[in-house]
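What follows is a set of notes on a single structure, which appears directly below.
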4 protein chains.
Amino acid sequence: MNDRSPTLVAETGRRNEAAILNAAIHAFGTQGFNGASMRDVARGAETSLSNLYNYFPSKSKLLAAALRHANAELRSRVLSAVELAGDDAPSRMREAVRAHVGFVVEHQTATLVATNELRYLDPGDRAALVEDRDATQDAFERIVAQGVADGVFRTPYATDAARTILGAVAAIASWYRPDGALGRGQLAEQYARYALALLEAPLTH
Amino acid sequence: MNDRSPTLVAETGRRNEAAILNAAIHAFGTQGFNGASMRDVARGAETSLSNLYNYFPSKSKLLAAALRHANAELRSRVLSAVELAGDDAPSRMREAVRAHVGFVVEHQTATLVATNELRYLDPGDRAALVEDRDATQDAFERIVAQGVADGVFRTPYATDAARTILGAVAAIASWYRPDGALGRGQLAEQYARYALALLEAPLTH
Amino acid sequence: MNDRSPTLVAETGRRNEAAILNAAIHAFGTQGFNGASMRDVARGAETSLSNLYNYFPSKSKLLAAALRHANAELRSRVLSAVELAGDDAPSRMREAVRAHVGFVVEHQTATLVATNELRYLDPGDRAALVEDRDATQDAFERIVAQGVADGVFRTPYATDAARTILGAVAAIASWYRPDGALGRGQLAEQYARYALALLEAPLTH
Amino acid sequence: MNDRSPTLVAETGRRNEAAILNAAIHAFGTQGFNGASMRDVARGAETSLSNLYNYFPSKSKLLAAALRHANAELRSRVLSAVELAGDDAPSRMREAVRAHVGFVVEHQTATLVATNELRYLDPGDRAALVEDRDATQDAFERIVAQGVADGVFRTPYATDAARTILGAVAAIASWYRPDGALGRGQLAEQYARYALALLEAPLTH
DNA sequence: GATGAATGAGGGTTCATTCAT
DNA sequence: AATGAATGAACCCTCATTCAT
């Protein structure tokens with residue numbers, strides 16, 4: 001039902017749950033939270049409108065659940081990329097950015113939803129998801145802090161740098177086209193370099 | 001009606017036009033295009049629902065008009081900042097970014113609308129506005145090209161750099177709080193430096 | 001649209017208001033508050049569903065408004081009947097009961113609604129309407145008190161007598177058929193006598 | 001699940017039947033037939049929604065079954081009270097009313113349902129239940145007839161008297177509060193006197 | 001310009017009921 | 001007997017828009 005991005009949520013015990021979540025991401029991503037109707041989601045999930053409510057108690061809780069999945073997947077990708085990287089901050093930053101770009105490109109729609117539709121959640125859900133997102137941002141901030149401590153990131157504005165980098169990467173989702181000039185790998189490389197440059201790391205070559 | 005940002009659109013000949021446009025930006029910015037109703041706009045503009053249609057033929061045309069005003073204001077700020085700057089690319093880039101940051105901070109809501117709600121326009125209006133926005137982006141790209149030609153911007157990814165910088169600056173609107181730690185001026189300074197670093201300009205101090 | 005009872009609410013300035021209120025009483029009376037839909041009301045009022053909301057902000061407020069009209073009409077009938085009666089308690093009680101029976105028979109549906117559907121109001125509206133209803137009940141209680149003081153009502157249970165009488169009269173609405181054996185006048189006479197007997201007034205003939 | 005009234009229906013062979021019936025009375029009594037959902041009933045009976053349909057084929061049949069139980073209990077109380085009373089009509093009426101008041105006070109919710117929700121039954125079920133209820137009313141009417149024949153009830157409106165008395169007693173359910181000023185016994189005494197007075201029986205003391 | 005009334009379409013959600021297990 | 005998932009119809013209400021004044 002979503003040709004652009006592979007399904008974000010895998011099958012679980014409850015048969016339709018994954019289908020509903022993926023349909024929700026697609027619908028919310030292409031039409032916006034308020035522009036998409038629960039009927040659109042049901043159509044995408046190939047189930048009935050009322051059956052959605054056997055899985056999620058409201059439209060907004062459905063959005064929250066979808067965003068929780070997206071956040072979890074993003075975080076796990078970034079964290080394992082960092083673990084597999086070298087010990088120095090530049091390598092780690094490079095791999096973290098590459099992983100993030102990979103997620104954005106693969107789950108473009110989910111990224112758009114996570115960026116644009118957070119505001120439509122109940123305050124409690126929004127807070128929980130912001131915390132969730134901040135956990136990913138923390139991984140970046142720790143790398144920045146390490147690089148600054150090591151003297152290899154020389155920006156005087158280290159505090160906001162991680163947020164700025166994450167914002168730039170997420171923004172890719174708003175213009176990227178899989179059939180465009182840049183391939184996934186090149187894009188990842190490019191943004192890794194942007195990130196290191198922004199941090200004022202000396203060029204390594 | 002919007003305490004955070006000063007009204008974007010000034011009084012014109014038609015008495016209520018500016019009030020409607022400013023109310024529209026406020027409503028669309030805080031609730032999203034589909035989340036805000038024409039009744040919300042009318043309430044914000046302190047006029048009647050049906051009177052909106054004496055000024056704008058549809059909700060979507062109202063959004064288009066509001067965005068045209070925002071774009072025009074942004075562009076004029078950036079262009080005149082560039083004109084007043086020195087002749088070298090880094091100075092120009094610095095002033096362009098500072099002007100843009102200024103607009104984002106002053107018209108935070110309008111920036112959010114321009115970033116998030118463009119998708120809800122009729123295709124024709126969207127195309128026109130994208131063109132409009134690209135005109136502003138062109139100003140940045142010309143500076144980048146000049147800097148690359150002068151050898152002062154050494155990034156190998158000059159093509160996408162302007163877009164990335166503009167995206168990062170626009171993203172400020174999604175988290176900036178006027179009562180936060182960073183003042184307007186510091187923020188402008190910081191983002192100017194981010195931009196030059198990202199372009200891999202050698203530090204001037 | 002309501003053949004049984006003449007319309008309770010007369011035309012006012014707003015063209016459709018009376019039609020909507022009368023249709024609401026009919027619909028709520030025949031199908032119950034939860035059994036009747038706003039579409040039913042709209043159909044009865046010969047207007048569109050959505051137009052109902054130009055007059056009443058919700059189904060429950062529509063019920064409240066309808067009941068306010070019914071209560072007002074009932075109270076005014078009872079009060080003027082009492083005023084026109086003689087000075088002694090039995091005459092007053094007789095006329096009050098006769099007036100009430102007249103209202104019940106004429107506005108049978110409205111009486112049913114007032115008896116059965118009060119519970120579906122917002123607490124605030126319900127409280128206001130109960131107060132309203134109690135004002136009518138007060139008229140009866142004052143007559144009871146006068147009769148007791150005069151020694152002409154000899155029941156030892158004067159406190160609850162008014163409520164019991166009103167309940168019995170209202171209950172007429174649940175079985176009365178205009179084409180039945182009892183005419184309006186006979187019914188009024190009969191219930192007046194029930195009331196006086198219940199109050200243990202000595203028979204006057 | 002219903003603290004006010006003791007459960008009306010006792011355990012039977014089928015484990016959940018009584019729980020469902022009692023939950024139905026509670027739900028229909030507090031929210032009305034159309035206001036209560038089968039889910040509410042299931043929750044009250046602590047079973048699953050779909051299991052309700054193993055016991056009762058539809059919501060309306062469930063209401064019918066619940067009302068049959070209530071009617072049967074009421075009738076048996078009244079009949080055995082009459083049997084235990086003396087032979088004269090006033091004694092019998094007094095005991096019948098006392099028994100009825102006892103039922104209303106003990107099964108207030110069931111009384112409310114029987115009074116207000118009968119209309120929502122299928123015509124066939126409604127007819128059967130009305131007949132059922134009329135059987136109880138017949139007991140009262142026979143007493144009235146006896147009293148009239150004996151010259152002890154002197155009302156000229158004997159025909160409707162039983163219905164009026166029963167209506168007044170049932171109406172107790174709409175205002176009685178167990179923690180109120182009147183105890184069960186006082187209330188029964190009071191309504192017995194109301195009934196005899198209404199029938200124009202000479203006072204016995 | 002400006003308004004209040006009007007409307008058809010569609011919104012999210014709940015409903016009684018059924019079915020497979 | 002018991003359940004969770006499923007469904008189509010219907011619910012109240014709001015929407016963008018139009019029209020008569």
Side-chain angles (χ1 to χ4, degrees), chain A residues 13-17 20 33-42 45-63, chain B residues 13-17 20 33-42 45-63, chain C residues 13-17 20 33-42 45-62, chain D residues 13-17 19-20 33-42 45-63:
Chain A
R14 299 167 93 195
R15 208 81 41 78
N16 278 325
E17 194 168 26
I20 293 173
F33 178 73
N34 279 310
S37 72
M38 289 297 267
R39 281 163 178 86
D40 292 331
V41 174
E46 292 180 278
T47 184
S48 71
L49 167 61
S50 39
N51 197 30
L52 300 183
Y53 290 87
N54 286 324
Y55 291 85
F56 304 98
S58 73
K59 192 187 184 187
S60 137
K61 296 292 184 191
L62 169 55
L63 172 60
Chain B
R14 300 165 94 197
R15 202 101 27 90
N16 280 323
E17 192 168 27
I20 294 173
F33 178 72
N34 279 308
S37 72
M38 290 296 267
R39 275 167 178 86
D40 292 330
V41 175
E46 292 179 277
T47 184
S48 71
L49 167 61
S50 30
N51 197 28
L52 300 183
Y53 290 87
N54 288 322
Y55 292 85
F56 304 98
S58 73
K59 191 187 184 188
S60 140
K61 296 292 184 191
L62 169 56
L63 171 60
Chain C
R14 299 167 93 196
R15 208 82 39 80
N16 279 325
E17 193 168 27
I20 294 173
F33 178 73
N34 279 309
S37 72
M38 288 298 264
R39 275 169 180 84
D40 292 332
V41 175
E46 293 181 279
T47 184
S48 69
L49 166 63
S50 38
N51 197 28
L52 300 183
Y53 291 87
N54 285 325
Y55 292 84
F56 304 97
S58 71
K59 192 188 184 187
S60 135
K61 295 292 184 192
L62 170 55
Chain D
R14 301 166 92 197
R15 201 101 27 90
N16 280 325
E17 193 169 26
I20 294 173
F33 178 73
N34 279 308
S37 72
M38 289 297 266
R39 275 166 179 86
D40 292 330
V41 175
E46 292 180 275
T47 184
S48 72
L49 167 62
S50 30
N51 198 29
L52 300 183
Y53 289 86
N54 289 321
Y55 291 85
F56 304 98
S58 74
K59 191 186 183 188
S60 140
K61 296 293 184 190
L62 169 56
L63 171 60

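In the text below, chain A, chain B and the rest are named by the order of the sequence lines, each starting its count at 1.
Residues D:Asp40 and D:Gly35 share a closest heavy-atom pair of OD2-O, 4.2 Å. D:Ile20 and D:Val41 get closest at one heavy-atom pair: O-CG1, 4.0 Å. Of all the heavy atoms in D:Asn16 and D:Asn51, the pair that sits closest is ND2-ND2, 3.6 Å. Nearest heavy-atom pair, A:Phe56 versus A:Glu17, reported as atom, atom and distance to 0.1 Å: CZ-CG, 3.9 Å.
One atom, CE of A:Met38, and another, P of F:dA9, lie 19 Å apart when rounded to the nearest Å. What separates NZ of B:Lys59 from P of F:dT17 is a distance of 8 Å, to the nearest Å. Atom-to-atom, CG of B:Leu49 to P of F:dA16 comes out at 8 Å; the value is rounded to the nearest Å. Regarding D:Ile20, its CD1 atom lies at a distance of 11 Å from the P atom of F:dA1, rounded to whole Å. Atom CD in A:Glu17 sits roughly 10 Å away from atom P in F:dA5 (whole-Å rounding). Whole-Å rounding puts the C:Phe56 CZ to F:dC12 C1' distance at 16 Å. At whole-Å resolution of the value, CG in C:Asn34 and P in E:dT14 are 15 Å apart. When the P atom of E:dG11 is taken as reference, atom OH of C:Tyr53 falls 17 Å away, rounded to whole Å.
Base pairing analysis places E:dG12 opposite F:dC11; the two distances defining the Watson-Crick or G-U wobble pair are each below 3.5 Å. F:dA20 is paired with E:dT3 under the Watson-Crick or G-U wobble criterion, all donor-acceptor distances under 3.5 Å.
Each of A:Glu46 and C:Pro57 has a nearest nucleotide on DNA chain F; the 5'-most of these lies closest to A:Glu46. If you find the closest nucleotide of DNA chain E to B:Thr47 and to A:Phe33, the one lying nearer the 5' end belongs to B:Thr47. Nearest-nucleotide positions on DNA chain E place C:Ser50 closer to the 5' end than the other of C:Ser50 and A:Ser50.
Checking the phosphate oxygens (OP1, OP2) of F:dA5, no side-chain nitrogen or oxygen of A:Asn16 falls inside 4.0 Å. Taking 4.0 angstrom as the limit, D:Tyr55 places a side-chain polar atom (N or O) nearer than this to OP1 or OP2 of F:dA2.
Contact annotation: the side chain of A:Leu52 never approaches that of A:Lys59 to less than 4.5 Å [non-hydrogen atoms, C-beta and beyond].
Using a 4.0 Å heavy-atom distance criterion, A:Ala36 is classed as a sugar-phosphate-only contact. Within 4.0 Å (heavy atoms only), C:Leu52 reaches no atom of the nucleic acid at all. In this structure, C:Ser37 reaches the sugar-phosphate backbone alone: every heavy-atom distance under 4.0 Å involves primed, P, OP1 or OP2 atoms, never a base.
The D:Asn51 side chain lies nearest to F:dT3 when the options are F:dT3, F:dC13, E:dG1.
Side-chain atoms of C:Ser48 stay outside donor-acceptor range of the base of E:dG8, with no qualifying N/O pair under 3.5 Å. Side chain B:Asn54 to base E:dA2: a donor-acceptor pair is found below 3.5 Å. Between the base of E:dG12 and the side chain of A:Arg39 there is a donor-acceptor pair shorter than 3.5 Å.
Put simply, OG on D:Ser37 and CG on C:Asn34 are 11.0 Å apart, with the number rounded to the nearest 0.5 Å.
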